[in-house]
Peer 1: 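Got a structure for you, written out below as structure tokens; questions coming shortly.
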Amino acid sequence: MSIYNQTIKNIFYAPNDISLSYGYIKQIGHYNLFFGPQISIPLGITNEYSLREGVLITGAGRYTAGGTFAITGIRDPVVWNGEIKYDIGLPKHERYGTTWLPGIIQVAFGLTDLLNDRFGFSLGLQQQTILPKILNGASTPDSLTFTSNCQLEIFILFEHNYLRAAFSATVYPLNRPHIITITYGHVFKKK
């Protein structure tokens, strides 16, 4: 109860990571397959000082690299989607040595509805698993984490661009920050 009351009285803000990705699309009938590489650049670094002072970092706090595979299907009037991402947290020097993350696995499922040619919204569920950190060549089992989120997203489509705004609320564990994400995208046409 005290965590709930403290959360209501205080609003915190924290930087997330900048994610860069490139997606390839393959259409098979009513299904679209998306796959491609991605990297994340941290805007905030989690360290002992930030944890002691209560500074929240919502991203991984380290550089990551990995890949994504997603599929979408059309079932009028909605579009369903499923996605899996796998990232590796690159080495980072910390107080007690160098750590890296062998895997950040994210699985998501959602439903999208277009209100008209330009506006739409989606609802989604997301499960993230962060495998235990490797510290100086040894695994640290206490760093295994699971997170479950619900997400509401609103988007605007243009001819070659799109703008998305999403609100993500953590379902498990309850003491995690909620996240607002703004995404701008551009579709490149292959000649």
Side-chain angles (χ1 to χ4, degrees), residues 12-26 31-52 55-72 81-110 122 124-151 153 162 164 166-188:
F12 298 99
Y13 66 92
N16 205 324
D17 299 340
I18 294 176
S19 296
L20 303 173
S21 62
Y22 190 85
Y24 298 95
I25 301 172
K26 174 73 175 167
Y31 301 102
N32 294 319
L33 305 176
F34 301 88
F35 51 94
Q38 66 205 20
I39 60 169
S40 291
I41 301 165
L43 289 180
I45 303 296
T46 304
N47 57 29
E48 184 181 330
Y49 171 78
S50 65
L51 294 174
R52 186 175 62 240
V55 177
L56 297 174
I57 303 298
T58 57
R62 68 172 68 227
Y63 291 89
T64 63
T68 301
F69 176 76
I71 184 171
T72 62
N81 67 288
E83 179 180 49
I84 185 165
K85 290 183 180 181
Y86 184 85
D87 287 312
I88 294 175
L90 302 179
K92 180 173 95 169
H93 182 68
E94 298 186 53
R95 181 177 179 189
Y96 297 107
T98 301
T99 64
W100 64 281
L101 291 175
I104 303 167
I105 304 163
Q106 183 173 295
V107 178
F109 178 78
S122 68
L125 298 172
Q126 180 184 87
Q127 174 67 46
Q128 184 182 64
T129 303
I130 300 176
L131 299 178
K133 278 196 288 191
I134 304 295
L135 172 63
N136 296 327
S139 177
T140 55
D142 59 336
S143 63
L144 176 68
T145 60
F146 298 97
T147 307
S148 300
N149 298 323
C150 287
Q151 180 171 294
E153 182 176 53
Y162 61 87
R164 297 171 16 193
F167 174 74
S168 181
T170 305
V171 178
Y172 176 83
L174 292 175
N175 61 349
R176 297 287 177 113
H178 303 311
I179 300 170
I180 296 173
T181 306
I182 305 293
T183 304
Y184 168 78
H186 179 78
V187 176
F188 296 95

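Owing to the predicted nature of the structure, the values given are computational and were not obtained by experimental measurement.
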Peer 1: List the atom pairs, with distances to 0.1 Å, where a side-chain N or O of residues 124-131 and a protein N or O form a donor-acceptor pair under 3.5 Å, not counting sequence neighbours.
Peer 2:
unit_1: Gln126; atom_1: OE1; unit_2: Asn149; atom_2: ND2; d: 3.0
unit_1: Gln127; atom_1: OE1; unit_2: Ser148; atom_2: OG; d: 2.6
unit_1: Gln127; atom_1: NE2; unit_2: Thr147; atom_2: O; d: 3.3

Peer 1: Return the CH2 to CG distance between Trp100 and Leu135, rounded to the nearest 0.5 Å.
Peer 2: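 Going from CH2 on Trp100 over to CG on Leu135, the span is 12.0 Å.
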Peer 1: Hey, could you give me the SG/OH distance between Cys150 and Tyr172, rounded to the nearest 0.5 Å?
Peer 2: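 Nearest 0.5 Å value for the SG-OH distance: 15.0 Å.
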Peer 1: Closest heavy-atom contact between Gly89 and Thr64?
Peer 2: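 Closest pair (atom of Gly89, atom of Thr64, distance): CA-CG2, 3.9 Å.
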Peer 1: Would you give the length of the straight line joining atom CZ of Phe69 to atom CD of Glu83, rounded to the nearest 0.5 angstrom?
Peer 2: 10.5 Å
Peer 1: Hey, mind stepping through Leu101 and Thr99 against side chain to side chain contact (heavy atoms under 4.5 Å, CB included) and telling me if it holds?
Peer 2: CA-CA 7 Å; Leu101 291 175; Thr99 64; over 6 Å; no
Peer 1: What heavy-atom pair brings Ser139 and Pro141 nearest, and what distance separates the two atoms?
Peer 2: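 Minimum heavy-atom separation between Ser139 and Pro141: O-CD, 3.4 Å.
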Peer 1: Nearest 0.5 Å, please: how far is OG1 in Thr72 from CG in Leu33?
Peer 2: 8.0 Å
Peer 1: Output the distance between atom OH (Tyr31) and atom CD1 (Ile71), rounded to the nearest 0.5 Å.
Peer 2: 7.0 Å
Peer 1: Of the non-hydrogen atoms in Pro132 and Ser143, which two are nearest, and what is the gap between them?
Peer 2: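 Looking at all heavy atoms of both residues, the closest pair is CA-OG, 3.3 Å.
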Peer 1: List the atom of Ala65, the atom of Ile39, and the distance in Å for their closest heavy-atom pair.
Peer 2: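 Answer, listing the atom of Ala65 first, then Ile39: CB-CG2, 4.2 Å.
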Peer 1: Closest approach of Tyr86 and Gly103, non-hydrogen atoms and distance?
Peer 2: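 That closest heavy-atom pairing would be OH-CA, 3.6 Å.
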Peer 1: What are the two closest heavy atoms between Arg62 and Leu90, and how far apart are they?
Peer 2: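 Shortest heavy-atom contact: NH1-O, 3.0 Å.
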Peer 1: Should we count CD1 of Ile180 as having more than 12 external heavy atoms under 6.0 Å?
Peer 2: no
Peer 1: Could you check if a side-chain atom of Ile134 sits within less than 4.5 angstrom of a side-chain atom of Pro102, using non-hydrogen atoms only?
Peer 2: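 They are in contact (side-chain heavy atoms under 4.5 Å apart), so the answer is yes.
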Peer 1: In this structure, are over 12 heavy atoms from other groups packed under 6.0 Å from Tyr22 atom OH?
Peer 2: no
Peer 1: Can you tell me if OH on Tyr184 sees more than 12 non-hydrogen neighbours from other groups inside 6.0 Å?
Peer 2: yes
